[in-house]
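Basis for what follows: all heavy atoms, side chains included, without hydrogens, waters or symmetry-related copies. Heads up: numbering here begins at 1 and tracks the sequence. Everything numeric here is computed off the predicted structure, so don't read it as measured data. Order of listing sets the numbers, starting from 1, for every ligand and every atom in it.
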Amino acid sequence: MLKHVHHNFYKKFLYYNNSMKKIKNTLFSNKSVTIDENSLIMALESSCDETACAIVKGGREVLANVVASQIKIHEEFGGVIPEIAAREHLEAVNVVVDEAFKQAGVTGMDISAFAGTVGPGLVGCLLVGMNAAKSLALAYDKPFIGINHLNAHLAANFIDTDLEPPFIALLVSGGHTQIIEMKSYSDIEIIGETIDDAVGEAYDKVARLIGLPYPGGPKLDKMAQQGNPFAYKLPEAKVDGYNFSFSGLKTAVLRLVKSFEENALPTADICASFQECVSSTLYKKVKRALEERGYNQVVLAGGVAANSEIRRKIFSLENDGYKVFAPQMKYCTDNASMVASAAFFFENTFDNVDVEVFSRV
Ligand code: KG4
Ligand code: ZN
């Protein structure tokens, strides 16, 4: 019996080592570098309004996580102004890199590879972080690993956990709403997505409609917790397969708001009803995907994964025997730890010095 257990353990250990070890070439002199569980990866993220740098060991252990947020600057305009954001990234990028080295207590010599988000996102913003990561890789003669921002959001779930594919993921952010089937680190398929607004976008637009300041999503969530989720019945879009639509819901909220004319708006009830409609739509489609595709693990990802009710509903799947993962709050919205983790785990990365940033997938 003991022998049997020992044998299995040994096999698992071998498998883990083999699957996680990677060889990458350095940017400058094309030397090969082995990346394994003890390797440190430094990553930069600047796709939207957060300038972030992190150092992560073996894809799961965060040694430094630095985020410089531009919320204060964009608050004034009620949204992100790309040109201003890009300039802010330039101001912040060296500061976050220095701070990450300081937090982790290491130097560039200790880093095995430098990763950067290459898209999707705001082009001018992406350029800053990606080029900083490439420059560091050149200067220290280490590999550069280019990362897709959506893969990074998924990878936030690997931090401090033992999660491994296969799983179904619900990715909800300011720009994307997708149900993803992740069979392995190289086999990832989008099986459903929004045909119009992303969930985060719908949150931000509805928040604006009812007078909540930017960024509206988290504020709407907070307000919703004080309201009655069944006060107003809002329409759930009927969309094929695992796809979504949220623009009709947004219009329905607009109509509801207008119906109060000069009277005081029952803000909390509207927020709660909106949140109920969105979260139950997401929950139903995710549950269907799990059942129809035969998965037992589900992963929540993206900025909107911070939402209290979406988290609650998705975690309720534990009662049906599913294993549920969601990133810690600080790794839900944009950060660089998730980029470093993606650089460690994902197979389909952009490792070329010539790789260009892209705005859309
Ligand atoms: O992933 P993320 O940081 O940026 C993108 O890649 O888009 O997501 C930002 C989005 C914003 O739309 C923000 O309003 C939304 O996530 N968000 C939330 C919550 N926290 C952030 N939406 C609803 N409830 C929240 N608690
Ligand atoms: Zn994001």
Charged N-O contact under 4.0 Å between [X] and [Y]:
| X | Y | answer |
| --- | --- | --- |
| R288 | E291 | no |
| D160 | R60 | no |
| K313 | E276 | yes |

For residues M109 and I55: do they belong to one hydrophobic cluster (side chain heavy atoms under 4.5 Å, members Ile, Leu, Val, Met, Phe, Trp, Tyr)? yes
Using a plain distance cutoff, I'd like to know if [X] has any nitrogen or oxygen under 3.5 Å from a nitrogen or oxygen of ligand 1.
| X | value |
| --- | --- |
| P215 | no |
| H153 | yes |
| Y203 | no |

Where ligand 1 meets [X] - atom numbers and elements under 4.0 angstrom, heavy-atom basis:
| X | result |
| --- | --- |
| T333 | 3 (O) |
| G200 | 12 (O) |
| G174 | 5 (C), 7 (O), 8 (O), 9 (C), 10 (C), 12 (O) |
| G175 | 7 (O) |
| H149 | 6 (O) |
| A306 | 20 (N), 26 (N) |
| D221 | 24 (N), 25 (C), 26 (N) |

May I ask you to determine how many protein N/O/S atoms are under 2.8 Å from the Zn ion (ligand 2)? 3
Short side-chain to backbone donor-acceptor contact, D204 and P215, under 3.5 Å: no
Aromatic contact between F315 and Y283, with the criterion being ring centroids under 6.0 Å apart: yes or no? no
Assert yes or no for the condition that the ring centre distance of F114 to F144 is strictly below 6.0 Å. no
At what distance is the nearest protein heavy atom to [atom], and which residue and atom is it?
| atom | result |
| --- | --- |
| atom 15 (C) of ligand 1 | V304 CG2, 3.8 Å |
| atom 19 (C) of ligand 1 | P218 N, 3.7 Å |
| atom 24 (N) of ligand 1 | N307 ND2, 2.9 Å |
| atom 8 (O) of ligand 1 | G303 CA, 3.3 Å |
| atom 2 (P) of ligand 1 | D334 OD1, 3.5 Å |
| atom 22 (N) of ligand 1 | G217 CA, 3.6 Å |

Using a heavy-atom cut-off of under 4.0 Å, does the side chain or the backbone of E50 touch ligand 1, or both, or neither? neither
If you measure from each non-hydrogen atom of D204 to ligand 1, which part falls under 4.0 Å: side chain, backbone, both or neither? side chain
Expected list for residues 89-102: side-chain donor-acceptor pairs under 3.5 angstrom, two or more places apart:
residue	atom	partner	partner atom	Å
H89	ND1	T51	OG1	2.8
H89	NE2	S46	O	3.4
H89	NE2	C48	O	2.7

What class does the angle between the rings of F246 and F244 fall in, given that below 30° is parallel, 30 to 60° is tilted and above 60° is perpendicular? parallel
Would you please classify the geometry between the F346 ring and the Y185 ring as parallel, tilted or perpendicular, with 30° and 60° separating the classes? perpendicular
Distance-minimising heavy-atom pair for S47 and P120: CB-O, 4.0 Å
Heavy-atom closest pair, residues L282 and I310: CD1-CD1, 3.7 Å
Rest of the hydrophobic cluster containing V67 (Ile/Leu/Val/Met/Phe/Trp/Tyr, side-chain heavy atoms under 4.5 Å)? none
Give the table of side-chain donor-acceptor pairs shorter than 3.5 Å for residues 317-327, with sequence neighbours excluded, one pair per line with atom names and distance.
residue	atom	partner	partner atom	Å
N319	ND2	S316	O	3.3

Answer with yes or no whether the side chains of D197 and S247 bring together a donor and an acceptor at under 3.5 Å. no
